[in-house]
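These figures come from a predicted structure and were not determined experimentally. Position 1 is the first residue of the sequence; numbering continues from there. Whatever order the structure lists ligands and atoms in, that order sets their numbers, starting from 1.
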Amino acid sequence: MKRFDYARPADLGSAIATLAAAGDGTRLVAGGTTLFDLMKLDVETPGRLVDINGLAELRGIDTGGDELRLGALVRMADAAEDTRLKADFPLLSEALWKAASQQLRNMASLGGNLLQRTRCAYFRHGEPFACNKRNPGSGCAAIDGANRSHAFFGGSDACVAAYPGDFAIALIAMDAVIDVEGAKGRRSLAIADLHRQPGARPHQDANLSPDEIIVQIRIPANSVGRASTYHKVRDRESYAFAVVSTAAAVRIEDGVVADVRIALGGVATVPWRARSAEQALIGRRLDAETAAEAGRIAFEGAAPLNHNSFKIELGANVVRDALIIAAGRA
Ligand SMILES: Cc1cc2nc3c(=O)[nH]c(=O)nc-3n(C[C@H](O)[C@H](O)[C@H](O)COP(=O)(O)OP(=O)(O)OC[C@H]3O[C@@H](n4cnc5c(N)ncnc54)[C@H](O)[C@@H]3O)c2cc1C
Ligand code: SF4
């Protein structure tokens with residue numbers, strides 16, 4: 001691992017000043033559960049680490065008012081256990097519970113979870129494999145290689161790496177907002193705008209500048225969150241990333257769907273909202289037949305790679321089952 005300097009600022013202003021002065025060779029560290037792995041693999045080679053664990057501004061869960069606010073430093077395990085999250089947004093709690101392991105969830109922060117990088121094996125292992133995300137301009141070994149776990153939505157000729165996290169899939173279904181602060185002040189962006197599709201620049205994962213810190217995540221209070229679930233299919237039932245996942249939430253009025261949210265994980269380069277499937281359900285009864293139809297619609301337009309076409313039928317079934325679970329909670 002490359003040698004690095006270490007700083008632990010005491011407040012947000014000092015952390016931003018340190019970042020702005022240090023430039024792009026600097027990384028923030030929260031739980032360190034993925035950054036340190038990437039440093040050991042020489043994927044990340046920062047000259048300086050800024051430890052944000054001293055920043056009180058990034059802590060706390062605030063359930064008052066018309067939104068739920070989660071500090072970026074809240075540990076995944078603490079958010080998953082929160083009683084309002086469990087009651088009002090079961091999909092958020094379940095997405096956190098079904099991620100990683102208890103030890104990791106105890107250590108890992110919500111902000112770090114959002115910004116984890118792809119698990120593409122070529123990206124993590126580097127030479128002799130071509131990887132545009134790791135070495136811009138080198139090519140993409142996955143497109144004609146082992147691409148079972150890769151994306152068929154949102155990819156490009158340069159990169160088809162799947163976004164690996166669970167929490168952001170549930171957040172995009174809830175139209176969450178991310179507050180970030182940097183040298184130019186504070187701004188808010190929709191979670192849907194946080195992650196970048198690879199296009200021609202796969203090495204840039206997020207729409208953040210190097211001096212920006214995620215401060216908190218805001219989730220609008222709404223009744224659609226209560227009848228919701230995060231349904232995750234993986235190769236083993238614990239401690240594994242999603243092969244396919246679905247965050248589903250529904251509001252039923254007078255026996256028909258008044259509001260529905262469907263988001264997909266494991267199949268796209270960014271957290272993916274299945275809006276045409278949502279549209280197809282509005283004003284209709286939600287039963288096994290319409291849920292299965294929505295599942296099929298969610299995967300229309302998928303461009304599968306050599307080894308991941310099985311995820312189209314699997315994914316449609318995961319959407320169907322998630323909708324049925326959510327409807328059962330309505
Ligand atoms: C074996 C294993 C299995 C896993 N399985 C899953 C899984 O099934 N589902 C899942 O979702 N995740 C999974 N993970 C990933 C895990 O959830 C992440 O490692 C963790 O959430 C990262 O949080 P952290 O606080 O440790 O981040 P760190 O490692 O500290 O940071 C990660 C990145 O985020 C940046 N960062 C951190 N905080 C901020 C902030 N506030 N503002 C701006 N940038 C910030 C850092 O600079 C770094 O680039 C797994 C990890 C491992 C090792
Ligand atoms: S899919 Fe993306 S991350 Fe994986 S090898 Fe190709 S360029 Fe690299």
I need the nearest protein heavy-atom contact for atom 41 (N) of ligand 1: residue, atom name and distance, please.
Ile214 O, 3.0 Å
Pairing of Arg261 and Asp175 as salt bridge, 4.0 angstrom limit:
yes
Give me the residue, atom name and distance of the protein heavy atom closest to atom 52 (C) of ligand 1.
Leu104 CD1, 3.6 Å
Please work out which of Gly112, Ser109, Ala72 has its closest non-hydrogen atom nearest to atom 25 (O) of ligand 1.
Ser109
Ranking Thr33, Leu73, Leu55 by closest non-hydrogen atom to atom 19 (O) of ligand 1, top hit is Thr33
Within the 4.0 Å heavy-atom shell around Ala240, which atoms of ligand 1 are there?
8 (O)
Could you establish whether Phe36 and ligand 1 come within less than 4.0 Å of each other, counting only heavy atoms on the residue side?
no
So which bit of Ala158 gets within less than 4.0 Å of ligand 2, heavy atoms only: side chain, backbone, both or neither?
backbone
Is it the case that the side chains of Ser156 and Gln197 hold a donor-acceptor pair, with the cut-off being a distance below 3.5 Å and no angle test?
no
For Arg69, is there an ion pair with Glu67 - N to carboxylate O distance below 4.0 angstrom?
yes
Taking only heavy atoms of Gly32, which atoms of ligand 1 are found under 4.0 Å from at least one of them?
24 (P), 26 (O), 28 (P), 29 (O), 30 (O)
Nearest protein heavy atom to atom 7 (C) of ligand 1, by residue and atom, and its distance?
Ala100 N, 3.2 Å
Keeping Asn308 on the side-chain end and His150 on the backbone end, is there a donor-acceptor pair under 3.5 Å?
yes
What part of Arg134, side chain, backbone, both or neither, has a heavy atom within less than 4.0 angstrom of ligand 2?
neither
Heavy-atom nearest option to atom 53 (C) of ligand 1, drawn from Leu28, Asp37, Thr34:
Asp37
Could you list the atoms of ligand 1 found under 4.0 angstrom from a heavy atom of Gly165?
11 (O)
4.5 Å side-chain heavy-atom contact, Arg196 and Val270:
no
Walk me through it: do Arg105 and Arg75 pass the test side chain to side chain contact (heavy atoms under 4.5 Å, CB included)?
CA-CA 7 Å; Arg105 293 190 295 267; Arg75 270 31 195 179; over 6 Å; no
Atom 17 (O) of ligand 1: the protein heavy-atom neighbour that sits closest, reported with distance to 0.1 Å:
Asn113 ND2, 3.0 Å
Would you call the rings of Phe153 and Trp272 parallel, tilted or perpendicular if under 30° counts as parallel and over 60° as perpendicular?
parallel
Numbered atoms of ligand 1 (with element) below 4.0 Å of Ile213, judged on heavy atoms
41 (N), 42 (N)
Ligand 1 contacted by Lys232 (non-hydrogen, < 4.0 Å):
yes
Please determine whether the number of non-hydrogen atoms from other residues, nucleotides or ligands lying under 6.0 Å from atom NZ of Lys86 exceeds 12.
yes
Quick one: do the Asp37 and Thr34 side chains pair a donor with an acceptor below 3.5 Å?
no
Short list, please: which atoms of ligand 1 are under 4.0 Å from a heavy atom of Leu35?
29 (O)
Numbering as shown, the atoms of ligand 2 that approach Tyr122 to under 4.0 Å (heavy-atom distance)
5 (S)
Students should be able to answer this: which protein heavy-atom is nearest to atom 6 (Fe) of ligand 2, and at what distance?
Cys140 SG, 2.3 Å
Give the numbers and elements of all ligand 1 atoms closer than 4.0 Å to a heavy atom of Met76.
17 (O), 21 (O)
Among Leu114, Val50, Asp51, Leu115, which one has a heavy atom closest to atom 44 (N) of ligand 1?
Leu115
Among side-chain atoms of Ser245 and Tyr230, is any donor-acceptor pair under 3.5 angstrom?
yes
Please check if atom CZ in Arg84 has more than 12 non-hydrogen atoms from other residues, nucleotides or ligands closer than 6.0 Å.
yes
Just checking: Cys131, one of its N/O/S atoms, less than 2.8 Å away from atom 8 (Fe) of ligand 2, yes or no?
yes
Per-residue contact class, Val215 against ligand 1 - non-hydrogen pairs under 4.0 Å:
neither
Flag yes if more than 12 heavy atoms outside Glu289 fall under 6.0 Å of its CD atom; otherwise flag no.
no
Within 2.8 Å of atom 4 (Fe) of ligand 2, is there any N, O or S atom belonging to Cys120?
yes
Flag Gln116 as yes when one of its N or O atoms lies below 3.5 Å from any N or O atom of ligand 1, and as no otherwise.
yes
Atoms in ligand 1 flagged as close to Ala99, the criterion being non-hydrogen separation under 4.0 Å:
7 (C), 8 (O), 9 (N), 10 (C), 11 (O)
Note the single closest protein heavy atom to atom 13 (C) of ligand 1, along with its residue, its atom name and the distance in Å.
Phe241 CE2, 3.3 Å
Between Asp166 and ligand 1, does any nitrogen or oxygen pair lie at a separation below 3.5 Å?
yes
Just which atoms of ligand 1 are under 4.0 Å from any heavy atom in Ile52?
38 (N), 39 (C), 40 (C), 41 (N)
Which atoms from ligand 2 have a heavy atom of Phe123 less than 4.0 Å away?
3 (S)
According to a hydrophobic-cluster definition based on side-chain heavy atoms being under 4.5 Å apart (Ile, Leu, Val, Met, Phe, Trp, Tyr only), do Leu73 and Phe167 belong together?
no
